[in-house]
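Working notes for the structure below.
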Amino acid sequence: ENPSARASFPGGVTVARQYDRLVKLTAAEPLRTVELPCPGTVEIGGLRVTAIPAETLVNGPDVFTVRPVGTMILRSREPGDEITLPGGTKSLKKLYIDRKIPASARLQIPVLADEAGILGVYSIGPDAKRRADELPGVQIRFSKTEK
């Protein structure tokens with residue numbers, strides 16, 4: 001019944017249920033924590049993340065405008081992380097489960113944070129309490145890197 005059940009087999013093979021299918025798992029390591037300067041660009045988890053002073057207000061899942069406090073970092077989800085969206089505040093763990101993101105993929109989703117907490121999450125968008133509603137702000141843009 002567990003949508004994220006897993007079983008280990010000889011030879012170091014692990015098979016997991018990801019909701020309605022079975023997949024062979026590879027060890028998922030958390031993303032390395034990297035500082036995101038503004039202006040600046042970093043690559044993390046197959047993504048290019050760019051921060052620039054905002055000229056317009058954009059707030060979507062892959063491009064959003066925030067007001068950071070201190071240094072911005074990109075990292076994996078950590079226990080206790082919460083984000084406020086238009087529907088209310090949820091833990092990232094619960095949000096990932098609700099969105100049916102496989103457990104093996106959750107550590108690979110970049111979380112943008114600063115000294116005051118979470119600013120936003122890739123593919124989800126900005127924290128409603130941290131997004132910029134007027135300029136000045138910092139625009140964050142996520143794009144896939146070419147392989």
Side-chain angles (χ1 to χ4, degrees), residues 1-6 14-147:
E1 293 184 27
N2 181 347
S4 297
R6 60 181 67 204
T14 301
V15 175
R17 179 177 175 201
Q18 289 183 351
Y19 296 97
D20 61 347
R21 60 191 185 114
L22 291 177
V23 296
K24 179 181 173 185
L25 292 183
T26 55
E29 294 292 322
L31 296 171
R32 72 189 193 290
T33 298
V34 296
E35 184 176 323
L36 179 61
C38 181
T41 299
V42 298
E43 290 190 9
I44 185 170
L47 295 168
R48 180 173 294 112
V49 186
T50 303
I52 58 170
E55 295 179 5
T56 61
L57 297 175
V58 179
N59 286 303
D62 302 336
V63 180
F64 46 83
T65 310
V66 292
R67 289 194 159 170
V69 175
T71 303
M72 293 184 293
I73 60 167
L74 289 158
R75 59 170 174 79
S76 292
R77 177 189 73 83
E78 294 178 352
D81 279 348
E82 291 184 332
I83 188 168
T84 300
L85 299 173
T89 300
K90 269 192 181 177
S91 73
L92 287 185
K93 178 179 180 178
K94 177 79 170 133
L95 184 65
Y96 291 171
I97 291 168
D98 290 351
R99 292 189 178 205
K100 298 189 185 286
I101 296 170
S104 60
R106 295 176 193 160
L107 289 176
Q108 299 302 307
I109 300 171
V111 174
L112 178 68
D114 65 6
E115 295 169 15
I118 292 180
L119 290 161
V121 178
Y122 168 66
S123 77
I124 293 173
D127 184 295
K129 294 185 283 187
R130 305 295 310 281
R131 72 173 179 244
D133 291 324
E134 59 184 37
L135 297 176
V138 174
Q139 187 177 87
I140 308 298
R141 181 175 301 275
F142 293 87
S143 59
K144 295 191 184 225
T145 57
E146 304 211 9
K147 293 186 177 189

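This one's a predicted model, so the numbers in the text were calculated from it and none came from an experiment.
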Exercise. Do Ile83 and Leu95 pass the side-chain contact (heavy atoms from CB on, under 4.5 Å) test, and can you show the C-alpha distance, the side-chain angles, and the key distance before you say yes or no?
Worked result: CA-CA 9 Å; Ile83 188 168; Leu95 184 65; 3.9 Å; yes
Taking all heavy atoms of [X] and all of [Y], pick out the closest pair and write down the distance.
X: Phe64; Y: Gly120; value: CZ-CA, 3.9 Å
X: Gly60; Y: Pro126; value: O-CD, 3.7 Å
X: Ser76; Y: Leu107; value: OG-O, 2.6 Å
X: Ala132; Y: Arg67; value: CB-CG, 3.8 Å
X: Met72; Y: Leu119; value: CG-CD1, 3.9 Å
X: Arg32; Y: Ile44; value: O-CD1, 3.2 Å

Exercise. Which is it for Leu85 and Ile124 under the side-chain contact (heavy atoms from CB on, under 4.5 Å) test, yes or no, and what are the steps along the way?
Worked result: CA-CA 9 Å; Leu85 299 173; Ile124 293 173; 4.0 Å; yes
For this session: Would you sort out whether Ile140 and Thr50 count as a side-chain contact (heavy atoms from CB on, under 4.5 Å), showing the intermediate values?
Result: CA-CA 6 Å; Ile140 308 298; Thr50 303; over 6 Å; no
Is the count of non-hydrogen atoms from other residues, nucleotides or ligands lying under 6.0 Å from [X] atom [atom1] greater than 12?
X: Arg6; atom1: CZ; value: no
X: Arg17; atom1: CZ; value: yes
X: Glu55; atom1: CD; value: no
X: Lys90; atom1: NZ; value: yes
X: Glu134; atom1: CD; value: no

Working to the nearest 0.5 Å, report the span between [atom1] of [X] and [atom2] of [Y].
X: Asp114; Y: Glu35; atom1: CG; atom2: CD; value: 12.0 Å
X: Arg131; Y: Asn59; atom1: CZ; atom2: CG; value: 5.5 Å
X: Thr41; Y: Leu36; atom1: OG1; atom2: CG; value: 8.0 Å
X: Asp81; Y: Ile118; atom1: CG; atom2: CD1; value: 3.5 Å
X: Thr65; Y: Asp133; atom1: OG1; atom2: CG; value: 10.0 Å
X: Thr56; Y: Leu135; atom1: OG1; atom2: CG; value: 7.5 Å

For this session: Take Val121 and Leu112 through the side-chain contact (heavy atoms from CB on, under 4.5 Å) test and state the conclusion after the steps.
Result: CA-CA 6 Å; Val121 178; Leu112 178 68; over 6 Å; no
Has [X] got a side-chain atom pairing as donor or acceptor with [Y]'s backbone, closer than 3.5 angstrom?
X: Asp127; Y: Thr84; value: yes
X: Gln108; Y: Glu29; value: yes
X: Arg75; Y: Val34; value: no
X: Ser91; Y: Glu82; value: no

Given side chains that start at C-beta, do those of [X] and [Y] come closer than 4.5 Å, heavy atoms only?
X: Pro53; Y: Pro136; result: no
X: Leu47; Y: Lys144; result: yes
X: Leu92; Y: Val111; result: yes
X: Phe142; Y: Val63; result: no
X: Thr14; Y: Lys24; result: no

Exercise. Are Lys94 and Asp98 ion-paired here, with the side-chain N under 4.0 Å from a carboxylate O?
Worked result: yes
